[in-house]
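What follows is a set of notes on a single structure, which appears directly below.
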Amino acid sequence: MRWPYLLAGLGVAAVYLVLLHVGEDRQREAEEHARQGHLAASYAQLGKAYALYHEGQWPSLDTRGRHFAYDSGIVPQGYAIKQELEKDHTPQAVLFGKLGRHAALSLVPLVDFRNYFYLGYAVTTEEEGLALAKALRSGVALDDRVEVAQGSGTSGSSTLYRLHDDIVKTLVLDGVLAREDPSFPARTPVLVERPRDGFAWVVYLDMHVERLSYPGPFPVTQSFVEALEAGAP
Amino acid sequence: MSDSQIKSVLHVRYDWLDQARGFVVLLLIVSMPTSEYAGDLLTGDPVLGPPMLNHGYEYFDGDPAITTFIDSGQALFLMIMGFVGYTAFTSRLRKRGKGAAFWYCARRVGVLYALASIDCILLELASSGKPKWADFFYNGTFAMIALGTLCAFLSIVLIPNADRRMALSVGLIMLHSLLYAFPLFDHHTWYDNILTLPKFPFGTLGMCAMSIAGSSFGQWHAMDPGDPRAGFRRRIVPVSTAAFVAAYCMDWVQPAQHHDSNAAMLLQAMYIGGFMLMIFFAFGEVGFHFPLLSSLGRNLLLMFALGGIFIGIYLDCFPKEFLLQSPYLALLLGGLAPIVMLSCIAVFLDRRGIMVRA
């Protein structure tokens, strides 16, 4: 029997199995982070879907509750499949059809909206973000542009502009931007996750998603997040 | 290029092997209409055709996705290419020298890249206006076959021993599984690379491993010229059995995934390929022969190219709504007509002794 080869083979197999186990563990961890990011992106998609049917205009902020959330009732509710219908369980919504082994499944809201802050306006710096938070608390109308102090508005102007798919063209027409900046949507956050475990997912106007360390750069600076939370339900 | 007459016999051609190759072509042909008419179970879009003969992810692309043996088709194809490539390459090396073997390799890889250019550049320019360069160079079907073929030939030259080449293939599969396990690179996931991980050619790595394994199987088959069963008895069947056990175990840890050809998928292809070769060899031994399969198998590459390019165009002529009118209509036009059409071409070429080889 070639003992050295057998031992070497067993050694290689053992190292391989350990590495595989460690790798799969890390993968599961990464998938959990990805799931959170996907939830944030899905929630932002509700606003994007609204924009598709409103000539690119994103939803307004919650005007009644004055929260950093979608104005209630104007954005379709997102749901996730929860479980099979049960006798003692009152579902919020039900999905019927040939659903694999099921004929009906209960649905639950996609996200707890309290875990996310929808910004509603184009802000790309902390100063602009804090001006927005102040405007929200002050009770100004939130159905259109908001006038703020010079330099605290979108791109350093005196106006906070509502989120819009064609916002760059509008900013150029109004003279806020000298020329079209294709990177502007990628710098404009639309949705910020409430930070947890030192991280927060942020969805941007171009619908790309980033996981940022908290506290970190805008929009997850400590002061801005505190301002968002002050306006939370 | 085609040979209308084979001028000198390089190696024996085994009919049972052509039967096996023909079976692979048949699986490829049937998987195309089943994919075209896969429907959507969730939205109620009707499914036409047998789901077992389609990619499983077309019905449920979850984590893990459903897999069928059709999902192993490409890996199985590479394994068969490696199997026959061993004999074709080494016979040229022995009988005509290094130059002939080198040109055979270059021609084969060149033809495959030419097909890749048609698929990924010309057809893409015509349909979307934008060529798919990554698919052309390494990620597309024909590119993977080309690179897999190249790897097989290189490994035959660098590692003449079949057992050691098989060890290399196993090593590549293990490497693949480790790279796939860690969240280092993007792979086909439900969350669409939200973690913005860099790309890695997992599929290409897997196909290279399979073609190298195929070349080992090819060499094992020829291990005892006086006893064709020796290779099966001593290597092919035991290794395939081991691959079956390994695939089962791996599927629990890292479920099979078609798009990235992960370890479980590759091992599945290995045991399916090995057992399939054994079955067709046994058919040959007992004298069972299905003529159509031989015709399809003798022009494997041509059938693959024709099927890949033209069956899709044919199926576009019959929208699902038309076929739903009658299941017999679906069977005739969707299920049987593609097989009949390609079979007619295969039989026509075979009867005239035309084998289109790279």
Side-chain angles (χ1 to χ4, degrees), chain A residues 2 5 8-9 11-45 79-81 95-105 107 186 191 193 199-204 206-212, chain B residues 39-47 51 59-66 163-164 166-168 170-198 200 202 242 245-246 249-255 257 260 262-264 267:
Chain A
R2 295 177 185 174
Y5 290 112
V12 166
V15 168
Y16 168 73
L17 289 171
V18 167
L19 283 175
L20 192 64
H21 178 72
V22 169
E24 290 294 332
D25 261 352
R26 298 263 166 92
Q27 185 74 248
R28 268 191 290 277
E29 223 176 276
E31 283 186 3
E32 178 53 29
H33 296 317
R35 193 185 69 82
Q36 299 298 331
H38 206 259
L39 269 179
S42 300
Y43 194 45
Q45 283 289 350
Y79 292 97
I81 292 173
L95 179 68
F96 291 100
K98 286 183 199 171
L99 308 165
R101 288 173 293 168
H102 310 284
L105 290 167
L107 302 177
L191 196 81
E193 184 193 25
F199 291 96
W201 284 96
V202 179
V203 187
Y204 294 83
D206 65 345
M207 300 311 290
H208 90 271
V209 190
E210 286 182 22
R211 187 170 182 253
L212 300 176
Chain B
D40 189 326
L41 292 168
L42 204 58
T43 61
D45 185 10
V47 173
Y59 304 104
F60 180 73
D61 194 8
D63 185 28
I66 292 174
D163 293 349
R164 288 183 187 166
M166 191 64 209
L168 170 66
V170 169
L172 287 176
I173 293 174
M174 289 168 72
L175 174 68
H176 189 300
S177 66
L178 288 177
L179 292 174
Y180 199 78
F182 284 87
L184 300 169
F185 301 105
D186 177 40
H187 45 83
H188 187 83
T189 56
W190 58 269
Y191 49 82
D192 199 26
N193 201 18
I194 211 162
L195 301 174
T196 60
L197 298 172
F200 185 87
F202 282 112
V245 174
C249 295
M250 200 66 196
D251 227 333
W252 282 89
V253 176
Q254 195 178 81
Q257 212 288 333
D260 295 316
N262 63 358
L267 291 165

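Convention: sequence-line order gives letters A, B, ...; per-chain numbering from 1. Being a predicted model, the structure only gives us computed values, none of them experimental.
Taking all atoms of both residues into account, the shortest heavy-atom contact from D260(B) to H176(B) is O-NE2, 3.1 Å. Residues L184(B) and L179(B) come closest through the heavy atom pair CD1-CD2, 4.5 Å.
Ring geometry for F202(B) against H187(B) counts as perpendicular: the plane angle is over 60°, on a 0 to 90° scale with 30° as the lower cut.
Residue-environment remark: NE2 (H21(A)) stays at or below the threshold of 12 foreign heavy atoms within 6.0 Å.
Interface residue L41(B): only backbone heavy atoms are found under 4.5 Å from chain A. Looking at F60(B), there are no atoms closer than 4.5 Å to chain A (heavy atoms on both sides), in backbone or side chain. For a residue to count as touching a neighbouring chain, one of its non-hydrogen atoms must lie under 4.5 Å from one of that chain's; by this rule R26(A) touches chain B with backbone and side chain alike.
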